[in-house]
Protein chains: 2
Amino acid sequence: MDRIESVKNQKVKQWRKLHTKKEREATGTYIIEGLHLVEEALKTKEIIKDLIVSEDVTLPTHWNVDQLNITLITKEIMKAISDTETPQGVAAICEFQLQHSAEAWKRILLVDSVQDPGNLGTIIRTADAAGIDGIILGEGTVDHYNSKCIRSSQGSIFHLPIVKGNLLEWLEIYNEKQIPTYGTSLQNGVSYREASPSEQFCLIIGNEGSGVNNKLLNSTSKNLYIPIYGEAESLNVAIATGILLYHLKG
Amino acid sequence: MDRIESVKNQKVKQWRKLHTKKEREATGTYIIEGLHLVEEALKTKEIIKDLIVSEDVTLPTHWNVDQLNITLITKEIMKAISDTETPQGVAAICEFQLQHSAEAWKRILLVDSVQDPGNLGTIIRTADAAGIDGIILGEGTVDHYNSKCIRSSQGSIFHLPIVKGNLLEWLEIYNEKQIPTYGTSLQNGVSYREASPSEQFCLIIGNEGSGVNNKLLNSTSKNLYIPIYGEAESLNVAIATGILLYHLKG
């Protein structure tokens, strides 16, 4: 067990940098914090590179932390590496997910340029609950290892395979496999109720403001909209994802 | 048109206080900010008591602000009364909604102790989109005139009747009217797909952690759950609300 007492320690400096996407991608690691998230990560123990514990915290007795690298730190250091106002005293450095083979997936969610990390996290949590096989994030979508996204995912980021990729190429692959592919669009398309629930589908959701890119919409089997019965202009993208995934799951 | 140049002005002090629930309830007014929200509020012009405009901002030409009380302020004052980091230079003081008669409603959402203002705002937006007649907020639910809630509602707070009330009493009223009443529960009850879409229903959603109060669950026609197919422990309450309202709408 290591012990660090200075916020100027090199390791501490490096951990803090993990709040930037650049550093996460350079190192293939990200930082998580809080009792719930670390407990979820412990279920896939091999992803944890460092378990970081504040000296004033006692780990829950049911946690099995054998063979983990544990670093004890001061409250001050915890505050420095945390991005929450009242850190819970436990954090971990985790390694990126292994590469997954999205070719075998049957229920797929494609995410085109979703910007808000809270929305993306909630979408990941919802897709996990709805029994999706995996998620493909297109270019322009916020990094899913962003700490706000991880928090909103409530740990689903550890459960569900997530890869980055070219959405147009993947759409063509699923089209060739004759998996029904559905875009989402406020204006055109058919009501989502006209899409039959199925064992296989690929759903594409889009940017909070501008929706799904037209090139993608032009390459789907069908484009779906969710009717608006009141005066709201639109639904939040995570809400729309929940309605559509649960409808398609049947 | 008034003009205020000092952050110490009495009016400015009073506007700032509207970020507390206590002051909102004492005055029957609340503060909104941003171009989109103020534009939405202008659709029901009579609720706007004061339109507050920063001196560096030109109002959109399509806004009809005749007969409105307009106060010009400095950028510094706008910053002081705003709770966002980059205020858009337009705010308004609005009056609470009129009392609505919830007895006539046929599609009702009861909200039991939802804590997070972002969740409540998204729930209001979703209920508006799903064509709900009105929302009743129980004791222990966050104040809907909280500025984060108003922001997440994307203006639906101006469209949809919202009242506060005793949920158990309202539940009994709707039961007597033979409107199907549905609680939501992770453990007990039936899958939501067993509830038939209908012209009339009353849905109850609950606290992010503890769900709907047992007293309420014991007084419904049926309690519903949304199946979890993956490893997520639960759905976000706003997501669950979206899935249920769109299912019940049919």
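Residue numbering restarts at 1 for every chain, and letters A, B, ... go by the order of the sequence lines.
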| field | Part of A/S234 lying under 4.5 Å from any heavy atom of chain B | value | both

| task | Starting at CD1 of A/I239, measure out to OG1 of B/T241 and round the result to the nearest 0.5 Å. | result | 7.0 Å

| note | Given B/I226, B/N236, B/L244, B/L245, the one with more heavy-atom pairs under 4.5 angstrom with chain A than any other is B/N236

| task | Considering only heavy atoms and a distance below 4.5 Å, find which of B/A127, B/A232, B/G155 pairs most often with chain A. | result | B/A232

| note | Of B/S153, B/G230, B/A240, B/A129, the largest count of non-hydrogen pairs under 4.5 angstrom with chain A goes to B/A129

| query | Once you round to the nearest 0.5 Å, how far does CG of A/L235 lie from OG of B/S156? | reply | 9.0 Å

| query | Roughly how far, to the nearest 0.5 Å, is the OG1 atom of A/T126 from the CD1 atom of B/I228? | reply | 9.0 Å

| Hey, does B/Y192 have a side-chain heavy atom less than 4.5 Å from the side chain of A/Y246? | yes

| query | At a heavy-atom separation under 4.5 Å, does B/T122 approach chain A through its side chain, its backbone, both, or neither? | reply | side chain

| query | Is the backbone of B/D128 close enough, under 3.5 Å, to the side chain of A/Y229 for a donor and an acceptor to pair up by distance? | reply | no

| said: Given heavy-atom pairs under 4.5 angstrom as the criterion, report whether the side chain, backbone, both or neither of B/F158 touches chain A. | reply: neither

| request: Answer whether the closest heavy-atom distance between the side chains of A/E40 and B/E233 falls below 4.5 Å. | output: yes

| note | Looking only at A/K249, A/H247, A/Q154, A/K43, the option with the highest number of non-hydrogen pairs under 4.5 Å against chain B is A/K249

| field | Partner chain B: residue of A/P227, A/A130, A/G250 with the largest heavy-atom pair count (under 4.5 Å) | value | A/G250

| said: For A/A238, which atoms come within 4.5 Å of any heavy atom of chain B: side chain, backbone, both, or neither? | reply: both

